Number of protein chains: 2
Amino acid sequence: MNDTSSIQVIDRMVAVLDALASVDKASLKQLAGMTGLHPSTAHRILAAVAAHGWVVRSADGGYQLGSGLSRYARRTDQQDRLRQLALPLMAALRDQTGETVNLVMRDGDEVVYTERAVSRQMMRVEQMIGSRAPLHVTAVGKLMLADAGREACMAYAERTGLPGFTVHTLTSPTLLWQDASRALVRGYAFDNEEAESGIGCIAVLVRDSEGRVLAGLSISAPRERRRDEWAGNLLEVAGRLSGQMG
Amino acid sequence: MNDTSSIQVIDRMVAVLDALASVDKASLKQLAGMTGLHPSTAHRILAAVAAHGWVVRSADGGYQLGSGLSRYARRTDQQDRLRQLALPLMAALRDQTGETVNLVMRDGDEVVYTERAVSRQMMRVEQMIGSRAPLHVTAVGKLMLADAGREACMAYAERTGLPGFTVHTLTSPTLLWQDASRALVRGYAFDNEEAESGIGCIAVLVRDSEGRVLAGLSISAPRERRRDEWAGNLLEVAGRLSGQMG
DNA sequence: AAATTTGATTTCACGATATGAAATGATATA
DNA sequence: TATATCATTTCATATCGTGAAATCAAATTT
């Protein structure tokens, strides 16, 4: 890893930590050798990161990665784990319904399509992974707005002005809140051609064990092929995911 | 967190990452405010860590912790998770057998007692958490030696000289290898007063899904109370733990 | 549209700070 | 005991990170 950024010490520190991650445990000399750093420099860097619990020293003086690093990983690890756990379940859901299944996460005032299992039919709905959409035009987004509460939802409406995408887009704050809050209570939300004409969705939220929203799960299909019964399947998968996430 | 180590930038970087970890997402100005750093400094530090994937920028320019950090956390997180998962199972095992159950990890040429469920009987075996013992005098240690292979076991024997702790300690390299390798095949190992007179153990290994050894699980009891049947219980718990560890 | 504000980013001269050679300590090895 | 090996500390030096200020980019107001 010879990436170089603007701060030398940080690059070197990353090199040391990477070296340490690749071997579980190492002596100062080994680490200095692996990174090409002067032992004195490696020592100083290790002492600095050790002071923050990022590395610990075992009885024989060897260095190991410490538990202090896990506080940063929790969130991102959780997302990776969720993705991994979700993928097979999403594929199964795609096979049951024949339609595209999306795993969607929130970023600011948008949802991001994070993972998907694409329908195998000729006519199908397909979002690019990484693509984005405003909260109020997607089924998942509406659930997330509702979950954030009336106040936050209204603030969102004011902030964005609820731009219309189709004639069906909910562009009135009160209508949006009504629709969203009802969906939240019900447990699943619809998108009736609110983002794109001819396309309909059903979505549910995936939560962690403390009830915090991690992501949304949705099925996107041509409007006339969408079946309301799929809500049940979605809820079951979401429940299973919630259970599997610590 | 005003810990100060020997390297200023690293302290500041930790402060920035901690701030970021506490809020999920933040702007440059917010982070500079939270850490008391000059925006310019915060910006440079963020750019440096971003170059290594430690933080990422979302669509609206906000900073978030990135997945680049998870590579460091995997190992230590795994240990924490194992401990958490093991504790209730260990308590159940303690209640079934009435004896002390230990979760033991390897560190160099020693095993470390990491977690335990202590027997409630008047006469019981009790190791301090964090205490250590050489590999060849413990049941878990012998399994780990065998798992590392004949060569590594012999190297260990040469390196340490297999110091004797009791008259029962295996101080001959070939006897040690025989005993250990047989135990590995069988799936569980005994310690017949090899570490301390009057104390006997049974132990098994806990592995991850790829078969790597994560830890050992042992029951320690006064020699005459030890029951060979406990091996079955231990194996069942170890298997369940292996299954629950990704 | 133009003007204003706010925040992000870049620049740059300065001096604090990380550097690494060498000395010292601490342990293992012969 | 002597010798070697590795970890740690010291310290003079120049490098490297710093932060004030300038610039750039957007959002907001007039």
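Keep in mind that what you see is a predicted model, and the values were worked out from it rather than measured. Just so it is clear: chains get the letters A, B, ... in the order the sequence lines come, proteins before strands, and each one is counted from 1.
- The existence of a salt bridge linking A:K142 and A:D191 is excluded, since no basic side-chain nitrogen approaches an acidic carboxylate oxygen closer than 4.0 Å.
- Atom CD in B:Q30 sits about 16 Å away from atom P in C:dT6, given to the nearest Å.
- Spacing between atom CZ of B:R44 and atom P of D:dT18 amounts to 5 Å, rounded to whole angstrom units.
- In this structure, B:I45 atom CD1 and C:dT17 atom P are separated by 13 Å, rounded to whole Å.
- If you check the side chains of A:T169 and A:T171, you find no donor sitting under 3.5 Å from an acceptor.
- When side chains are defined from C-beta on, A:D208 does not count as touching A:L82, because their heavy atoms never get closer than 4.5 Å.
- Within the 4.0 angstrom heavy-atom criterion, only backbone atoms of the sugar-phosphate kind lie near B:R12; the bases stay farther away.
- Between B:S27 and C:dG7 there is no side-chain polar atom (N or O) within less than 4.0 angstrom of OP1 or OP2.
- As rounded to whole Å, 14 Å separates atom P of C:dA8 from atom CG of B:L37.
- Here A:Q8 does not reach the OP1 or OP2 of C:dA18: none of its side-chain N or O atoms lies under 4.0 Å away.
- Mapping A:Y63 and A:V9 onto DNA chain D via the closest heavy atom, the residue that lands nearer the 5' end is A:Y63.
- In this structure, A:L28 atom CG and D:dT9 atom P are separated by 11 Å, rounded to whole Å.
- Rounded to 10 degrees, the angle between the two end axes of the helix from C:dA1-D:dT30 to C:dA30-D:dT1 is 30°, with five pairs used at each end.
- Here the C1' atom of nucleotide C:dA23 and the NE2 atom of A:H38 are 12 Å apart, to the nearest Å.
- Backbone-only contact: A:R57 has heavy atoms under 4.0 Å from sugar-phosphate atoms and none from a base.
- Listed pair B:H43 / C:dA8 fails the phosphate criterion, with no side-chain N or O lying under 4.0 Å from OP1 or OP2.
- Atom pair A:R159:CZ and D:dT28:C1' shows a separation of 16 Å (rounding to whole Å applied).
- B:L46 has its CG atom 16 Å from the P atom of C:dG7, to the nearest Å.
- Cation-pi contact between B:R186 and B:Y188: present, with separation from the ring centre below 6.0 Å and deviation from the ring axis of at most 45°.
- When each of B:V104, B:L214, B:L217, B:L143 is checked for a side chain to side chain contact (heavy atoms under 4.5 Å, CB included) with B:L205, only B:L143 meets the rule.
- For the pair A:R57 and A:Y63, the cation-pi test (distance below 6.0 Å, angle within 45°) is passed.
- Across all their heavy atoms, A:L176 and A:C153 have their closest contact at CD2-SG, 4.2 Å.
- Remark: the A:S40 side chain and the D:dA7 base include no donor-acceptor N/O pair separated by less than 3.5 Å.
- Listed pair B:T41 / D:dT18 fails the phosphate criterion, with no side-chain N or O lying under 4.0 Å from OP1 or OP2.
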